Peer 1: 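Mind looking over this structure? Questions follow.
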Amino acid sequence: DEILECRIQIQEFVDKIHQQEVLGYTGKPIDTLVSIGIGGSYLGPKTVTEALSPIAKEGLSCHYIANVDSSDSHQVLSQIVPESTIFLIQSKSFGTQETLTNAQTVKNFLLEHGMLQEDLGMHIYAVSSNIEAAIAFGVKEENIFPMWDWVGGRYSLWSAIGLPIAFMIGNEHFEALLQGAHEMDEHFISAPFEQNMPSLMAMLGIWYHSFFGADSHAVMPYDQYLSFLPDHLQQLDMESNGKHVSTKGKALTYHTGPIIWGGTGTNGQHAFHQLLHQGTKLIPCDFIATLDTHHPSGSHHKMLLANCLSQTQALMQGRSERQAFQELLNRGYDEPKAKLIAKHMEHKGNQPSNTFLIEKTLPKSVGALIAAYEHKVFVQGVIWELNSFDQWGVELGKKLGNEVLKQLEDADSNIAADSSTAGLIAEYHRFHENK
Ligand code: G6Q
């Protein structure tokens, strides 16, 4: 009931904005949303708003401030018109240093740009499970969208954290995104293992990582709109399964989560694919291609798909030294030279890859695709007997970040730091003293 209630709250809000019933403090319609959040409260919505940008409502724009680097907020704030923008603070805990700092910076920016304290309520919204902290920050209670403790950050794009998506593409498309994910959930629950896509993805991963020692897994979307997908999957997988003890606290004696990385095709072909083809490491890959494009233009899309399919073909089949030798002879090389060069041209093949074909970057297919990866990660976590839903390493980073900050702010603070960190902090103070 609470979930449905929240979805209605999102729908009504988004409809009101689109129908220009929610206005800014000067009476202007809202055409821009700035999301302030990081990690799981950023990567999912960012990935999906990009993936579905071709069906975004005309005249709307969405920006993200995630990094605590003030260059990030500067870049966004210098592009927007405050009076027609809403700012959505997205933080499950409402205690994340980066997000709260960015939120405060945005608040100051609005006040400096003519908004009065009492006008802020028309522009500042939040998604959080910590309603009290959001209110204490100054968000009006009716401007807060709920989430709950059991919604993991990296799995949260389907919750109110996905509000920027609904804002950009509208409620109907947002529902279709959820429906696509739901259909994948149903498939995962009901399909027999040998036809179960997430389970097969998971088992292939286990096969290569646990039995062939593959350290990493590459994700290559052959669709410009999916260019952010590797970043999202990186967090989803590495934060979930980068663990060293079992659910019962026993040290694991085998490798767990792989390093996830990747980049869009065809760009990657002219860069890192060389190592996939002829390097010394086994790197299983996922190629994700679309059967259709939002922007047909001559043979662009056919070329894109041809490149994708031929890359997987090359990885599978390779080229023998003998074939290369023959090719070189046909090109007019003499035998000794052809023999030498053929050694460099040899491609051993047998590099495993999965190819995913989705119809187009549309809500249902994007929803299903991301849900498939979520279930894959879950299955691997079960097999590796670890807890995919905690992140103590991330928490440690957050804690130490605050301690080091105190030492950067106050050179005389007496917090014990190791000699390496202390040396770097001292260098910072030296630089600023001499400026
Ligand atoms: C995700 C992680 C982490 C988290 C961010 C933001 O699964 O736990 O990336 O989402 O640290 O946390 P808040 O939403 O609480 O600000």
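Since the structure is predicted, the reported quantities are computational estimates derived from the model, not experimental observations. Numbering of ligands and ligand atoms starts at 1, following listing order.
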Peer 1: Could you check whether E427 pairs with R430 (Lys NZ or Arg NE/NH1/NH2 to Asp/Glu carboxylate O, under 4.0 Å)?
Peer 2: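 Salt bridge flag = yes for R430 with E427.
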
Peer 1: Do S91 and ligand 1 have an N or O pair less than 3.5 Å apart?
Peer 2: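 Between S91 and ligand 1 (N or O atoms, distance only) the closest approach is under 3.5 Å.
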
Peer 1: Compute the minimum heavy-atom distance from V394 to ligand 1 and say whether it is under 4.0 Å.
Peer 2: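 Distance cut 4.0 Å: V394 fails for ligand 1.
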
Peer 1: So, are D237 and R154 salt-bridged, with charged N and O less than 4.0 Å apart?
Peer 2: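 No salt bridge links D237 with R154.
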
Peer 1: Got a salt bridge between E403 and K399, using NZ or NE/NH1/NH2 to carboxylate O under 4.0 Å?
Peer 2: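 The answer is yes: the pair qualifies as a salt bridge.
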
Peer 1: Provide the number and element of each atom of ligand 1 under 4.0 Å from a heavy atom of G153.
Peer 2: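 Every atom of ligand 1 under 4.0 Å from some heavy atom of G153: 1 (C), 7 (O), 10 (O).
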
Peer 1: What do you reckon, does E98 put a non-hydrogen atom under 4.0 Å from ligand 1?
Peer 2: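 Checking ligand 1 against E98, which is what was asked, there is no heavy-atom contact under 4.0 Å.
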
Peer 1: Near E239, which atoms of ligand 1 are under 4.0 Å from a heavy atom of that residue?
Peer 2: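 Result: 1 (C), 2 (C), 3 (C), 7 (O), 8 (O), 9 (O).
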
Peer 1: N/O to N/O below 3.5 Å, does that happen between R154 and ligand 1?
Peer 2: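 So ligand 1 has an N or O lying under 3.5 Å from an N or O of R154.
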
Peer 1: Between E50 and K46, does any side-chain N to carboxylate O distance fall below 4.0 Å?
Peer 2: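 Judged by the 4.0 Å cut-off on N to carboxylate O distance, E50 and K46 do form a salt bridge.
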
Peer 1: Going by the closest heavy atom to atom 15 (O) of ligand 1, which one wins out of S93, G37, A66, G397?
Peer 2: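 Minimum heavy-atom distance to atom 15 (O) of ligand 1 goes to S93.
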
Peer 1: Could you tell me if the ring centre of W261 sits under 6.0 Å from that of F272?
Peer 2: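 Yes; F272 has its ring centre under 6.0 Å from that of W261.
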
Peer 1: Which ligand 1 atoms, with their elements, are less than 4.0 angstrom from a heavy-atom of S41?
Peer 2: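 In order of numbering, the contacting atoms are 10 (O), 13 (P), 14 (O).
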
Peer 1: To which protein heavy atom is atom 9 (O) of ligand 1 closest, and what is the distance rounded to 0.1 Å?
Peer 2: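 Among all protein heavy atoms, the one nearest atom 9 (O) of ligand 1 is Q235 NE2, 2.7 Å.
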
Peer 1: For atom 5 (C) of ligand 1, what is the closest protein heavy atom, and at what distance to 0.1 Å?
Peer 2: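 I find the closest protein heavy atom is I38 O, 3.6 Å.
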
Peer 1: Taking T49 as the fixed residue, which of L157, L33, I165 is the one that meets the side-chain contact (heavy atoms from CB on, under 4.5 Å) rule?
Peer 2: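 Among L157, L33, I165, the one that satisfies the side-chain contact (heavy atoms from CB on, under 4.5 Å) with T49 is I165.
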
Peer 1: Kindly list each side-chain donor-acceptor pair under 3.5 angstrom involving residues 224-232, sequence neighbours excluded, with atom names and distances?
Peer 2:
{"residue": "Y225", "atom": "OH", "partner": "H295", "partner atom": "NE2", "Å": "2.5"}
{"residue": "S227", "atom": "OG", "partner": "Q224", "partner atom": "O", "Å": "3.0"}

Peer 1: Indicate, with yes or no, if the rings of F167 and F13 have centres closer together than 6.0 Å.
Peer 2: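 No.
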
Peer 1: If you count the atoms of ligand 1 from 1 in the order shown, which ones are under 4.0 Å from a heavy atom of G39?
Peer 2: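 Heavy-atom distances to G39 below 4.0 Å select 9 (O).
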
Peer 1: Identify, for atom 12 (O) of ligand 1, the protein heavy atom at the shortest distance, and state residue, atom and that distance.
Peer 2: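 Nearest protein contact, heavy atoms only, for atom 12 (O) of ligand 1 is T96 OG1, 3.4 Å.
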
Peer 1: Identify the protein heavy atom lying closest to atom 10 (O) of ligand 1, giving its residue, its atom name and the separation to 0.1 Å.
Peer 2: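 So the nearest neighbour among protein heavy atoms is G40 N, 3.0 Å.
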
Peer 1: For F145 and A160, work out which heavy atoms get closest and say how close.
Peer 2: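 Looking at all heavy atoms of both residues, the closest pair is CB-CB, 3.8 Å.
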
Peer 1: Please state which option from M147, K398, Q391 has its nearest heavy atom closest to atom 11 (O) of ligand 1.
Peer 2: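 Looking at heavy atoms only, K398 sits closest to atom 11 (O) of ligand 1.
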
